[in-house]
Amino acid sequence: MIVGNSLDELKKREAAYEIIKDSIESGTGSQLYDLTGLSGGFIAEEEELDLLQTYIGPAIFEDKLQDLGIKHMGGEKIFALNRTSSGILASILALVSEGDSVVHFLKAHPAHPSIIRACNLVGAEYKEYIDLDKFNIENNTALVIITGSTMDHQVLDEESFKKVIEMAHNKNIPVFVDDASGARLRTAIFNQKPACDLGADLSVTSTDKLMKGPRGGLMAGKENYINMVKAKSNEFGLEAQAPVILAMINALKEYNPQNLRDSISKKDKLFSFLAKSFNMFDETPTGVMVSKESLKKEVNSKVDICNLSDTDLCFLWSMILLKFQNIITIPAVSMPGASTTIRVDLSSNDSNKLEIEDIYEKIFKSFNQLLEVCVDENLSRKIIYNL
Ligand SMILES: *Cc1c(COP(=O)(O)O)cnc(C)c1O
């Protein structure tokens, strides 16, 4: 394995940041295209920046955060966190004890790694289901988790969503929803309701995903549960700070679901081009993707011997896309343990700067380069770590 653990992933991400920095500083930075669908936006007015003091900012921003957050997410009370992962950790720390069970229902594996890591941390038993007929809530369950849309944008249907909530509530067990991208994908594209309107007790979304906000976690829910999670977050420093809260508010104001719907026709066009050249692509609601399994299969059908693992192939392709085609996809820059699926999101701001034909061309060229490089493990390592 070239990238085999969290430390390797850190090295890989630092290498990607080096390439991004060099590209920006060489003056060709405007030609970097971020097609991840994570924008890290920071919309703010000059005079708002003067409010960014530790105790003044959050006090001034609180009412707006509540109004706009509840409009976006439903629920009774809103709380802002540093990341979605922070919201997941804080909720599990607050609601789950050693020896309890946590059961998780989602459309498809994998689940976000922070859920499993947080369960391990408190010493809880963790069970994961993707089949409603097999879904089972044991009696010692302290928390039921639903993922609205997975890291690979696999979206749960509303009927299953409601059924899982009903089963949990019949046993008086609270339901937490990881709606990182789902809070927008489910509602804007699939006409579903916000998780709290479907009965969830807590729901968290990433203000970085499919909207123009900063990386941060926006949590909504029933007031008593929010208060428990908020207190726990403050104990461990997981809450969002004033600058992030300000940028969240402005991104929520700016959010327009029509932008997401507009990306569907572009997605259809790109997918039809790609399907003529490759077997490995699948559609997502607002883009296209290649899973690690599909990538490995496609590569194996085209080269004699490639000894790289499926995840290493994803990291390598993502680094080639970045270094040689100026396209940012998630595996190059991702956090340890995140999905290695290569995804191109046509709702990203930067996708408007490229014609669909150009995106196709860049994918095509980079894949051919991947085929040349992947047979040489040493060269692959050099590209992944930018050595
Ligand atoms: C992105 C994502 C997360 C984590 O978001 P961070 O901002 O990296 O903490 C959690 N769950 C799902 C389903 C995600 O897609």
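Counting begins at 1 with the first residue of the sequence. Atoms within a ligand are numbered from 1 in the order they appear, just like the ligands themselves.
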Novice: So, K230 and E235, do they make that salt bridge, N to O below 4.0 Å?
Specialist: no
Novice: Please list all pairs meeting side-chain hydrogen bond (donor to acceptor under 3.5 Å, both in side chains) that have one or both residues in residues 189-207, counting only residues at least two apart or in different chains.
Specialist: H169-D201, R184-T205, R186-Q192, D201-K222
Novice: Give a yes or no on whether the backbone of S294 and the side-chain of S291 come within a donor-acceptor separation of less than 3.5 Å.
Specialist: yes
Novice: Are K266 and D268 ion-paired here, with the side-chain N under 4.0 Å from a carboxylate O?
Specialist: no
Novice: Please write out which residues are connected to I146 in a hydrophobic cluster, directly or through intermediates, given that two of Ile, Leu, Val, Met, Phe, Trp, Tyr count as joined at side-chain heavy-atom separations below 4.5 angstrom.
Specialist: V103, F105, Y129, L132, F135, I137, V144, L156, F161, V164, I165, M167, I173, V175, V177, L198
Novice: My understanding is that a hydrophobic cluster links ILVMFWY residues whose side chain heavy atoms are under 4.5 Å apart, including indirect links. Using that, what else belongs to the cluster containing I43?
Specialist: none
Novice: Taking a 3.5 Å cut-off between nitrogen or oxygen atoms, can you list every pair linking ligand 1 to the protein, with distances?
Specialist:
unit_1, atom_1, unit_2, atom_2, d
ligand 1, 7 (O), R215, NE, 3.1
ligand 1, 8 (O), R83, NE, 3.4
ligand 1, 8 (O), R83, NH2, 3.0
ligand 1, 8 (O), R215, NH2, 2.6
ligand 1, 9 (O), R83, NE, 2.9
ligand 1, 9 (O), R83, NH2, 3.4
ligand 1, 9 (O), T84, N, 3.4
ligand 1, 9 (O), S85, N, 2.8
ligand 1, 9 (O), S85, OG, 2.6
ligand 1, 11 (N), D178, OD1, 3.1
ligand 1, 11 (N), D178, OD2, 2.6
ligand 1, 15 (O), K209, NZ, 2.8

